[in-house]
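First, the structure itself, so that you have it in front of you.
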Amino acid sequence: MITLEDIRRPIMAELAAFDEFVDRQFTAEGELLSEMLRYALSSRGKGIRPMLVMLSAALNAPVKGAATGRRACLAAMLVEMIHVASLIHDDVIDEADTRRGRASVNARWQSHKAVILGDYILARNMSIGLQSGQFDLVTHICGSMSALCEGEVLQDECAANRTMTMRSYLDIIYKKTACLLGVSASAGALAVGATRDKVSSMRRFGEAVGMAFQIQDDILDYTPTAQTGKPACNDLREGKITLPLLIVLERSDEARQNELLADLSRCHEDAAAVERIRSAVESEGGLSAAGTVMQGYIRRATEMLADYADSEYRSALVNLCAYIAERDR
Ligand code: FPP
Ligand code: MG
């Protein structure tokens, strides 16, 4: 089993420089805002996005060690803080009480403060980015913020109408997750001056990784033994049709579809309805079929690395692909 430690090993110095950069740059005025900011930044999760930035920077750097530079740290900060802010806002929208096994910002300080904290993080991010004068990186990375919002609105519309198509599902997960992972991988290459071709090939790599990452997230939501720090079947309680259920719906006749959709409309208040859908998705092959789609993206991502000469950075990215497919957290 590949661990995140294995993947981080070749870029330990770069990630330490990144943490120090964030600690130095990301401070707030005022006691309450400082406390909330510290809380939000003290449990940042797996750090997949900074890892992608740094590994891509190291892989594409003309000389070994060039990735520890300020531009790579700045790129990693820009993507990670967009991600942090989006989750703070997402928990407000989803009325989620927990994130990564502890109280969400909205649960601890109320929603209106969580909205402001998310806005503040975005504002600081933009201001630090612009003050750095690295306009190519700021433009490249901050363009992805609108995709996140578009994905969220689309997802919300589909949940409210209890409808989903494969096309909408893929569009949503591209916008809410894959786009920012693609931007992370390509920003690493851009930070070290890689050619336009390399930047766009890293973008496609990161996007494939991101599609797989979100599908695995959606599979783990159905897995009570997963260590995600969130209650199982949260998506069902939020009325979301993700790939495992979508596959089962697409395989069912109209009567069965209506039965499943009627249960879905009760999920926010009826634990038995949640359990009926969860068990149907498992026994009717929704989880394994979603796993096959996810593996397809992982294979595509791994194949894209074949153009690079063998190195510890390339191996770490191959391992990252494997980790995403195997992970239970
Ligand atoms: C988590 O999804 C949410 C996202 C990946 C993106 C959320 C985006 C917004 C709220 C738009 C705001 C954008 C910016 C730039 C601030 P999820 O609810 O499926 O995952 P979860 O189970 O971890 O909550
Ligand atoms: Mg959510």
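Being a predicted model, the structure only gives us computed values, none of them experimental. Just follow the structure's listing: the first ligand is 1, and inside any ligand the first atom is 1.
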Self-check item: Electrostatic pair Lys240:Asp94 at N-O distance under 4.0 angstrom
Solution: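 Here Lys240 pairs with Asp94 in a salt bridge, since their nearest N and O are under 4.0 Å apart.
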Exercise. Could you tell me which atoms of ligand 1, counted from 1 in the order shown, lie closer than 4.0 angstrom to a heavy atom of Lys240?
Key: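 Ligand 1 atoms under the 4.0 Å threshold to Lys240: 17 (P), 18 (O), 19 (O).
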Exercise. Working to the nearest 0.5 Å, report the span between CG of Asp263 and CG of Leu236.
Key: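 One gets 9.5 Å once the value is rounded to the nearest 0.5 Å.
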Quiz prompt | Glu152 and ligand 1 - part of the residue with a heavy-atom distance under 4.0 Å | solution =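 Under 4.0 Å from ligand 1, Glu152 contributes side-chain atoms alone.
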Exercise. Indicate yes or no: does an N/O atom of Gln214 lie under 3.5 Å from an N/O atom of ligand 1?
Key: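 Such a contact does not occur with ligand 1.
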Quiz item: Is there a nitrogen or oxygen of Asp90 sitting under 3.5 Å from a nitrogen or oxygen of ligand 1?
Solution: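 So ligand 1 has an N or O lying under 3.5 Å from an N or O of Asp90.
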Exercise. Answer yes or no for Glu238: is there a heavy-atom contact with ligand 1 below 4.0 Å?
Key: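 It does not; every heavy atom stays at 4.0 Å or beyond.
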Quiz prompt | Ionic contact status for Glu303 with Arg300, cut-off 4.0 Å | solution =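 No salt bridge links Arg300 with Glu303.
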Quiz item: Going by the order shown, which atoms of ligand 1 are within less than 4.0 Å of some heavy atom of Leu122?
Solution: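 So the atoms of ligand 1 that pass are 16 (C).
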Quiz prompt | Among Asp91, Val153, Leu148, Val84, closest by any non-hydrogen atom to atom 6 (C) of ligand 1 | solution =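 Residue with the shortest heavy-atom distance to the ligand atom: Leu148.
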Self-check item: Pair Asp307 + Lys198, salt bridge at N-O below 4.0 Å
Solution: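 Between Lys198 and Asp307 there is no salt bridge, as every charged N stays at least 4.0 Å from the carboxylate O atoms.
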Exercise. Say whether Asp94, considering both its backbone and side-chain N or O atoms, lies within less than 3.5 Å of an N or O atom on ligand 1.
Key: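 In this structure, Asp94 places an N or O atom under 3.5 Å from an N or O of ligand 1.
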Quiz item: Are the charged groups of Arg167 and Asp171 less than 4.0 angstrom apart, N to O?
Solution: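 Salt bridge absent between Arg167 and Asp171.
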Quiz item: Quick one: which ligand 1 atoms are inside 4.0 Å of a heavy atom on Arg99?
Solution: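 That gives atoms 21 (P), 23 (O), 24 (O) of ligand 1.
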Quiz item: Going only through I, L, V, M, F, W and Y residues with side-chain contacts under 4.5 Å, is there a path from Ile82 to Phe21?
Solution: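 Per the 4.5 Å side-chain linkage, Ile82 and Phe21 are co-clustered.
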Exercise. Sort by chain and number the protein N/O/S atoms found under 2.8 Å from the Mg ion (ligand 2).
Key: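 Metal shell, protein only: Asp90 OD2, Asp94 OD2.
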Practice problem: Decide whether Ile11 and Ile2 are clustered together by the hydrophobic rule: side chain heavy atoms of Ile, Leu, Val, Met, Phe, Trp, Tyr closer than 4.5 Å, transitively. | Solution: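 Yes; tracing contacts between hydrophobic side chains, which count when under 4.5 Å, links both residues.
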Quiz item: Are any of the N or O atoms of Gln155 closer than 3.5 Å to those of ligand 1?
Solution: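 By distance alone, the answer is no.
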Practice problem: Considering only NZ, NE, NH1 and NH2 on the basic side and carboxylate oxygens on the acidic side, decide whether Asp217 and Arg327 come within less than 4.0 Å. | Solution: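 Result for this pair is yes, salt bridge flagged.
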Exercise. For the pair Ser186 (side chain) and Val183 (backbone), establish whether a donor and an acceptor sit closer than 3.5 Å, ignoring hydrogens and angles.
Key: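 Checking the backbone N and O of Val183 against the side chain of Ser186, a donor-acceptor pair under 3.5 Å is found.
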Quiz item: Any heavy atom of Cys149 sitting closer than 4.0 Å to ligand 1?
Solution: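 Yes.
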Quiz item: Is there a heavy atom of His83 sitting under 4.0 angstrom from any atom of ligand 1?
Solution: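 For ligand 1, residue contact (heavy atoms, under 4.0 Å) with His83 is absent.
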Practice problem: Could you tell me whether Asp235 and ligand 1 have an N or O pair separated by under 3.5 Å? | Solution: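 N/O-N/O distance below 3.5 Å does not exist for this pair.
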Quiz prompt | Taking atom 10 (C) of ligand 1 as the reference point, the nearest protein heavy atom with its distance | solution =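 Of every protein heavy atom, Ser86 O, 3.6 Å lies nearest to atom 10 (C) of ligand 1.
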Quiz item: Looking at atom 22 (O) of ligand 1, what's its closest protein heavy atom, distance included?
Solution: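 The answer is Lys230 NZ, 2.8 Å.
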Quiz item: Just heavy atoms, cut-off under 4.0 Å: does Ile93 contact ligand 1 by side chain, backbone, both, or neither?
Solution: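 Contact part for Ile93 vs ligand 1: side chain (C-beta onward).
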Practice problem: Using a 4.0 Å heavy-atom cut-off, say whether Asn234 meets ligand 1 through its side chain, its backbone, both or neither. | Solution: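 It is neither; nothing of Asn234 touches ligand 1.
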Practice problem: Inspect the contact between Glu259 and Arg256 and indicate whether a charged nitrogen and a carboxylate oxygen are less than 4.0 angstrom apart. | Solution: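 Yes.
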Self-check item: SB check Glu207 Arg204 (cutoff 4.0 Å)
Solution: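 Not counted as a salt bridge, because no side-chain N and carboxylate O are separated by less than 4.0 Å.
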Quiz item: Donor-acceptor pair, Ser56 side chain versus Ala189 backbone, under 3.5 Å?
Solution: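 Pair found, side chain donor or acceptor close to backbone of Ala189.
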Self-check item: Flag, side chain of Arg99 to backbone of Ser104, donor-acceptor distance under 3.5 Å
Solution: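 Judged by distance alone, no pair lies under 3.5 Å.
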Practice problem: Can you measure from CD1 (Ile247) to CD (Glu284) and round to the nearest 0.5 angstrom? | Solution: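 Ile247 atom CD1 to Glu284 atom CD measures 12.5 Å (nearest 0.5 Å).
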Self-check item: Donor-acceptor contact present, side-chain Asn258 to main-chain Ala255, <3.5 Å
Solution: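 Checked: no pair found.
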Exercise. List every atom of ligand 1 that sits less than 4.0 Å from any heavy atom of Lys176, numbering the atoms from 1 in the order shown and giving each element.
Key: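 So the answer, numbered in order with elements, is 2 (O), 5 (C), 17 (P), 19 (O).
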